[in-house]
There are 2 protein chains.
Amino acid sequence: VAVVTGGLGPTEDDLTAEVAAAAAGVPLVFDPAALAQVEAFFKRRNREMTYSNRKQAMFPEGAVRLDNPVGTAPGFMLKIGRCSFFCLPGVPVEMKRMLADHVLPACARLQGSDRAVLRVRTVSTFGYGESVAGEMLAGFDDAFPDLKLGFRAKFPEVQIKIYGHHREEAPLEARMGEALEWILSRVGEKTFSARGDSMQKVVGDLLREKGATLAIAESCTGGLISDWVTDVPGSSDYFVFSAVAYANRVKEKILGVSAETLETYGAVHEQTAREMARGVRRIAGATYGLATTGIAGPGGGTAEKPVGTVCIGLATPEGEQSRRYFFPFPTRLMNKQIFAMTALNMLRRELAGK
Amino acid sequence: VAVVTGGLGPTEDDLTAEVAAAAAGVPLVFDPAALAQVEAFFKRRNREMTYSNRKQAMFPEGAVRLDNPVGTAPGFMLKIGRCSFFCLPGVPVEMKRMLADHVLPACARLQGSDRAVLRVRTVSTFGYGESVAGEMLAGFDDAFPDLKLGFRAKFPEVQIKIYGHHREEAPLEARMGEALEWILSRVGEKTFSARGDSMQKVVGDLLREKGATLAIAESCTGGLISDWVTDVPGSSDYFVFSAVAYANRVKEKILGVSAETLETYGAVHEQTAREMARGVRRIAGATYGLATTGIAGPGGGTAEKPVGTVCIGLATPEGEQSRRYFFPFPTRLMNKQIFAMTALNMLRRELAGK
């Protein structure tokens, strides 16, 4: 089985069907049912179909059309020799749906009774490099020669993956559970999800469990924390308000940071972060207030506060805390990401009672 | 020349050097100078080097080490037969830097006097599908048989690309300028940058030109607009404040949306968007106020206001405007993106006097 993605669209550089037909040595043929589907898709969305969408109904002779319930481009399966080529759209959401609907069932049929169970477990960790993760887990291959360990740097988190396959599900699940325990005993301190959840999902679940709400004051992260938090469906249950306060006068006027603090310590300081967290918690009437202020770069750094410096403040019903960090990453976007992740992690540890 | 990326890290699944050595039939050898570089990198950042980083100083015999000034993993070039394999780190910022430092100069040397000039021009467009873009530009291949046209759907924008190559720079530039004019005469209305800039860069440049400032009130976009705007270095010149107001009481209390409006029209309405824009402009003391309120899904939709509905408000020194849109995309994240882009595009058109 070969899976091909992309090139099924209506424009002139979409050539998958043409190339597949040439490879198989067959002509392209028009499929009226496919055209009807494309037409129906446009009709449902009140958009007009253009002539070039007709191109999406041309398939190599002998191909089996694969319906696309979430987009305009149907895919197709074409057998060339002993290989089944599944040609799917490149748009991730469409590709994933069609992989599940068409390709995976076909693979299962092909494997028949030889089929092995495959499982992947993902552990989401944060706060160290991939190399340290590798060192901490040295010995895995000896302890679990039947499983495979992988690392994925999904900046700023490091995902640890356990891959396993076995003829039967129950012993595989048990074995992978053992491996998971082994891993957590070594990197538990750095782990924020033992099932691959995102930091914002973990924080959101903890807030919901406690019936607590969150307000955020962002300076250097510029809205990224809020964007992440609200990527989680249902986040309106606990996310109340966020203030992205770039200008000092906004920190003062809206968040209530004292003019004295700004004058004495500057915008990037633990005291400022603390007052931002306190202020946003108060004006939003939230259980927790989380704040960031720092220097994402490329400009704005000084000898005392270089690019990569961030102060994070957290206000809780019990009081306030804040901390300064320095990160050595080379771009503004990486700094925004590591600052945002560090802030959410501080909140997560507080919520988890660590 | 072949370029290989990734697999140069310190963990056990980083196998590029090993595989390259096996392919070339040579052993791996230890490079003390490379180790010194890795050590220096860690020292500059006050981090401790772990034993496994030593792995990064092992290269196939005969390989030329390629220094990595922005990360821990040096790359290498290994000639196998007539092909030069450039093995670079997978981290994009490191890969790009080393591509520029090492690979491109090597390519130029290889091409010598046979070298052709290659150019790509990118036009950033928004507000229609890839298929419509293709139709509007039908005829390009006949008008410019010496150039190549490409499309890239970088949701929610559609990038149009012109590829050209020629032995000399001046005639190529002139020809690509003609092609650009031809394209703009057909999709100018949908174009927000004729040089491939992002929407947030274009909006930021227009604000800076006018000496104007921006405040944003986000509901359904949850901070994404602010995050995009602040991805641009120097955005503190014009970006003042953003309020991510999920809860109705926050819209009322902080942004000053009237209780009557919220009761009569609900949170998702043109009138609410208008008052949010007016409110955030006022409290931040900004030239422009931009607001979004809508339903990103998956929950929260109604027959009257289905998932995909958004109202965008814009407050300017001259007054306020607002508009309702409906988009048919299948995920929460796509909705956040198209809502954010539509809002910035409304501001862009206002700033450009359209």
Side-chain angles (χ1 to χ4, degrees), chain A residues 9-13 44-45 47 50-53 70 72 91 93 129-135 138 141 149-151 153 216 218 222-227 229-231 233-236 239-247 249-250 253-254 283-285 297-299 328 330-334 336, chain B residues 9-13 44-45 47 50-53 70 72 91 93 129-135 138 141 149-151 153 216 218 222-227 229-231 233-236 239-247 249-250 253-254 283-285 297-299 328 330-334 336:
Chain A
T11 60
E12 290 184 27
D13 56 355
R44 274 201 305 280
R45 280 157 179 76
R47 283 153 62 193
T50 65
Y51 178 74
S52 63
N53 285 109
V70 287
T72 67
V91 180
V93 64
E130 208 185 330
S131 61
V132 180
E135 294 249 318
D141 293 350
L149 188 67
F151 297 93
I216 310 171
E218 304 193 49
L224 180 58
I225 303 178
S226 314
D227 180 42
V229 167
T230 61
D231 276 350
S235 43
S236 54
F239 174 68
V240 181
F241 172 67
S242 168
V244 184
Y246 250 39
R249 68 182 160 82
V250 168
K253 194 179 136 200
I254 299 176
I283 63 175
T331 69
R332 178 178 179 87
L333 268 59
M334 287 174 93
K336 284 179 71 177
Chain B
T11 60
E12 290 185 27
D13 57 355
R44 274 201 305 280
R45 281 157 178 76
R47 283 154 62 192
T50 65
Y51 178 75
S52 63
N53 286 109
V70 288
T72 68
V91 181
V93 64
E130 209 184 329
S131 62
V132 179
E135 293 252 318
D141 292 351
L149 188 67
F151 297 94
I216 310 172
E218 304 193 49
L224 180 58
I225 303 178
S226 314
D227 180 42
V229 167
T230 62
D231 276 350
S235 43
S236 54
F239 174 68
V240 181
F241 172 67
S242 166
V244 183
Y246 249 40
R249 69 184 159 81
V250 169
K253 193 179 135 200
I254 299 176
I283 62 175
T331 70
R332 177 178 181 86
L333 268 59
M334 288 174 93
K336 284 179 72 176

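In this text, all values refer to a predicted model and were calculated from it rather than measured experimentally. All chains are named by letter (A, B, ...) in the order of the sequence lines, taking the proteins before the strands, and each is independently numbered beginning at 1.
Of the atoms belonging to B:Ser236, heavy atoms from both backbone and side chain fall under 4.5 Å from chain A. In this structure, the portions of B:Pro233 lying under 4.5 Å from any heavy atom of chain A include both its backbone and its side chain.
Residues meeting the side chain to side chain donor-acceptor pair (under 3.5 Å) test with B:Asp141, sequence neighbours left out: none. Every residue meeting the ring pair (Phe, Tyr, Trp, His ring centres under 6.0 Å) condition with B:Phe239, not counting sequence neighbours, appears here in chain and number order: A:Tyr246.
For the set B:Ile283, B:Val250, B:Val240, the count of heavy-atom pairs under 4.5 angstrom toward chain A peaks at B:Val240. Of the listed residues (B:Ser226, B:Gly299, B:Gly234), the one with the most heavy-atom contacts under 4.5 Å to chain A is B:Ser226. Chain B forms the most heavy-atom pairs under 4.5 Å with one residue out of A:Val91, A:Val70, A:Asp227, and that residue is A:Asp227.
Counting heavy atoms from C-beta on, the side chains of B:Lys336 and A:Thr230 come closer than 4.5 Å. Contact of the B:Asp231 side chain with the A:Leu333 side chain is registered, since non-hydrogen atoms from C-beta on lie closer than 4.5 Å.
For the pair B:Phe151 and A:Asp13, the tightest heavy-atom approach, listed with the atom from each and the gap, is N-OD2, 3.1 Å. Residue B:Arg332 comes nearest to A:Ser235 through the heavy atom pair NH2-OG, 3.4 Å, listed as atom of the first residue, atom of the second, then distance.
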